[in-house]
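Because the structure is a prediction, the values reported are computed rather than measured. The residues of the chain are indexed from 1 along the displayed sequence. Because only heavy atoms are used, hydrogens play no part in the values below, and waters and symmetry mates are left out as well, while side chains stay in.
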Amino acid sequence: MSKPDEAGPGAFPSKDIVLGSFMLPFSHFGLYLRSAWLSLVAFVAASLVVTSILPLPPAPPEGNDLAQLIEYMTAPGGLLEVLAYEIVRLVLLVPAITIWIRLTVFGPPEDGRFPLLSLGGAEVRYLSAYVLIALMSLGAMIGVLIAATLVVSVLSAIIGTLAGGVGSTLMSLTSIAGSAFGLAAFVYVTSRFMPALGATALGDAFDVKGGWAETKPQAWPLFWSLVSFAGILFLAQLALMIGFGMVLPSGVWLLGGAIRAAIQALGILLACAYIGRVYAYFRT
């Protein structure tokens, strides 16, 4: 495998890494599950508790009133409460995540034994790096969205004298484009730190400057690789959710919640395989 400073543009094996991320965990599926069963049980149990006690989210506010937006975020079942529960569930699954990444990078142990769960330095480093990357990616997305809002405002002033239909259509298209670029900024920043995030699961420190620099030669292939992987994973999880929703009888919320949590955990397992394979490309 090429080191990042040796690989030329376009050399990133996106197809092999994406397809391998979906195939590798199933070739050792029993090992992946046995290695993390306790963490998985805790994750599923927490998911069921969240499902039973979390109230329905409030309706999003109409318009851009700041007071209504703050109320929406802080209301019971609002954005902040949902994020708090998601962080709790992530903490419960972090021991499994670090084991899954190590299994992807190093392969099954030669003695046939499965690694034991732990909650130590590697797990703390991974969780800290994950939160930091999420904040940086959100910052990039918000920055792009703010820029897009300014563009919309300028266009609104310029085309104010045009027919209402033309102005409204152009404004809608501009807003959609701004949202798309904001999401792209989020994915771009996230993709640039995939190897550095994988390194924390192996016990290394998270290096923001070094992590950004090592992916520079492969920035766009890595971006499109993450877009492809995330898109396929989303569609696969959506299909599973819909499929189980159609066959499960009504009134069995406990079973339905457990299945949804299992599908989410499976998605995280596949994401760990992707992170591990990207790490292996850049650092082995």
Peer 1: Minimum heavy-atom separation for Gly182 and Val144, please, with both atom names.
Peer 2: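 What the structure gives for the nearest pair is N-CG1, 3.5 Å.
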
Peer 1: Within the 4.5 Å heavy-atom criterion, are Ser191 and Thr215 side-chain neighbours or not?
Peer 2: no

Peer 1: List the atom of Ala184, the atom of Phe223, and the distance in Å for their closest heavy-atom pair.
Peer 2: O-CE1, 3.5 Å

Peer 1: Find out whether Thr200 and Ile101 are in side-chain contact, i.e. whether some heavy atom of one side chain is under 4.5 Å from a heavy atom of the other.
Peer 2: no

Peer 1: For Ala239, check side-chain contact (heavy atoms from CB on, under 4.5 Å) against everything at least two apart and list the hits.
Peer 2: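 Scan of Ala239 (side-chain contact (heavy atoms from CB on, under 4.5 Å), adjacent residues dropped) gives none.
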
Peer 1: May I ask you to check whether Arg192 and Tyr188 show a side-chain donor-acceptor distance below 3.5 Å?
Peer 2: yes

Peer 1: For the CD1 atom of Ile146 and the CE atom of Met141, what is their distance to the nearest 0.5 Å?
Peer 2: 10.5 Å

Peer 1: Taking the side chain from Ser128 and the backbone from Arg125, do they hold a donor-acceptor pair closer than 3.5 Å?
Peer 2: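 The answer is no, because no donor-acceptor pair under 3.5 Å joins these two groups.
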
Peer 1: Does any part of the side chain of Ser21, heavy atoms only, come nearer than 4.5 Å to the side chain of Leu270, both counted from C-beta?
Peer 2: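 Heavy-atom side-chain distance check fails, nothing below 4.5 Å.
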
Peer 1: Looking at Phe244, I want to see if its CZ is surrounded by more than 12 non-hydrogen atoms of other residues, nucleotides or ligands under 6.0 Å.
Peer 2: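 Open.
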
Peer 1: With the side chain counted from C-beta on, respond yes when Val44 and Val41 share a heavy-atom pair under 4.5 Å apart, and no when they do not.
Peer 2: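 In short, these two side chains do not touch, never coming nearer than 4.5 Å.
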
Peer 1: I need the Met194 CE to Phe229 CZ distance, nearest 0.5 Å.
Peer 2: 10.0 Å

Peer 1: Hey, does Pro95 have a side-chain heavy atom less than 4.5 Å from the side chain of Ser39?
Peer 2: yes

Peer 1: What closest approach, in Å, do Ala140 and Val189 show between heavy atoms, and which atom pair accounts for it?
Peer 2: CB-CG2, 3.7 Å

Peer 1: I'd like to check Leu266 versus Pro25 (side-chain heavy atoms, cut-off strictly below 4.5 Å). Are they in contact?
Peer 2: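 Leu266 vs Pro25: side chains apart.
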
Peer 1: Does the gap between the ring centers of Phe12 and Trp224 come in under 6.0 Å?
Peer 2: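 They do not qualify: ring centres at least 6.0 Å apart.
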
Peer 1: Could you check if a side-chain atom of Met241 sits within less than 4.5 angstrom of a side-chain atom of Ile259, using non-hydrogen atoms only?
Peer 2: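 No; the side chains remain at least 4.5 Å from each other.
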
Peer 1: Would Leu19 and Tyr281 show up in the same hydrophobic cluster when neighbours are defined by side-chain heavy atoms closer than 4.5 Å?
Peer 2: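 As far as the 4.5 Å side-chain criterion goes, Tyr281 and Leu19 are not connected within one cluster.
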
Peer 1: Does anything in residues 132-142 form a side-chain hydrogen bond (donor to acceptor under 3.5 Å, both in side chains)? List the pairs, not counting sequence neighbours.
Peer 2: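 As it turns out, the side-chain hydrogen bond (donor to acceptor under 3.5 Å, both in side chains) pairs with a partner in residues 132-142, which skip direct neighbours, are Ser137-Thr190.
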
Peer 1: Backbone N or O of Ile263 within a donor-acceptor pair of the Gln237 side chain at under 3.5 Å?
Peer 2: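 Indeed, once roles are kept as given, a pair shorter than 3.5 Å links the two residues.
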
Peer 1: Going by the angle between their ring planes, with limits at 30° and 60°, are Phe29 and Phe26 parallel, tilted or perpendicular?
Peer 2: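 Taking Phe26 first and then Phe29, their aromatic rings lie parallel (interplane angle under 30°).
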
Peer 1: Knowing that exactly one of Tyr130, Tyr126, Phe193 qualifies, which makes a ring-ring contact (aromatic ring centres under 6.0 Å, His included) with Phe206?
Peer 2: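 That would be Phe193; it is the only one of Tyr130, Tyr126, Phe193 passing the ring-ring contact (aromatic ring centres under 6.0 Å, His included) with Phe206.
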
Peer 1: Roughly how far, to the nearest 0.5 Å, is CG of Leu269 from CD1 of Ile97?
Peer 2: 10.0 Å

Peer 1: Answer yes or no: is there an ion pair linking Arg283 with Glu214, defined by an N-O contact shorter than 4.0 Å?
Peer 2: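 Counted as a salt bridge, because a side-chain N and a carboxylate O are separated by less than 4.0 Å.
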
Peer 1: Let me check something: do Leu222 and Val208 share a hydrophobic cluster, defined by ILVMFWY side-chain heavy atoms less than 4.5 Å apart, either directly or through other members?
Peer 2: yes

Peer 1: Apply side-chain contact (heavy atoms from CB on, under 4.5 Å) to the pair Arg102 and Leu202, showing each step before the final yes or no.
Peer 2: CA-CA 6 Å; Arg102 289 195 291 268; Leu202 277 62; 4.0 Å; yes

Peer 1: Do you reckon Leu38 sits in the same ILVMFWY cluster as Leu92, going by side-chain contacts under 4.5 Å, direct or chained?
Peer 2: no

Peer 1: With Thr104 as reference, evaluate Tyr279, Tyr274, Tyr32 under the side chain to side chain contact (heavy atoms under 4.5 Å, CB included) test and give the passing residue.
Peer 2: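 Single pass found, and it is Tyr32.
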
Peer 1: Verify the cluster assignment for Ile232 and Leu238: are they in a single hydrophobic cluster under the rule of side-chain heavy atoms below 4.5 Å apart?
Peer 2: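 No, separate clusters.
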
Peer 1: Do Trp212 and Asp207 touch side chain to side chain, with heavy atoms closer than 4.5 Å?
Peer 2: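 The answer is no, as the side chains (C-beta and beyond) never meet within the 4.5 Å cut-off.
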
Peer 1: To the closest 0.5 Å, what do you measure between CD1 (Ile275) and CG (Leu226)?
Peer 2: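 Here the interatomic distance stands at 9.0 Å.
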
Peer 1: What about Trp37 and Trp100, same hydrophobic cluster or not, with Ile/Leu/Val/Met/Phe/Trp/Tyr joined at side-chain heavy-atom distances under 4.5 Å?
Peer 2: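 The answer is yes; both residues are in one hydrophobic cluster.
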
Peer 1: Identify, with sequence neighbours excluded, every residue that meets side-chain contact (heavy atoms from CB on, under 4.5 Å) alongside Ala265.
Peer 2: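 With neighbours one apart ignored, the set is Leu40, Phe43.
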
Peer 1: Between atom OG of Ser225 and atom NZ of Lys15, what is the distance when rounded to the nearest 0.5 Å?
Peer 2: 13.0 Å

Peer 1: Quick one: pull up CG in Leu93 and OG1 in Thr98 and give me the separation to the nearest 0.5 Å.
Peer 2: 9.5 Å

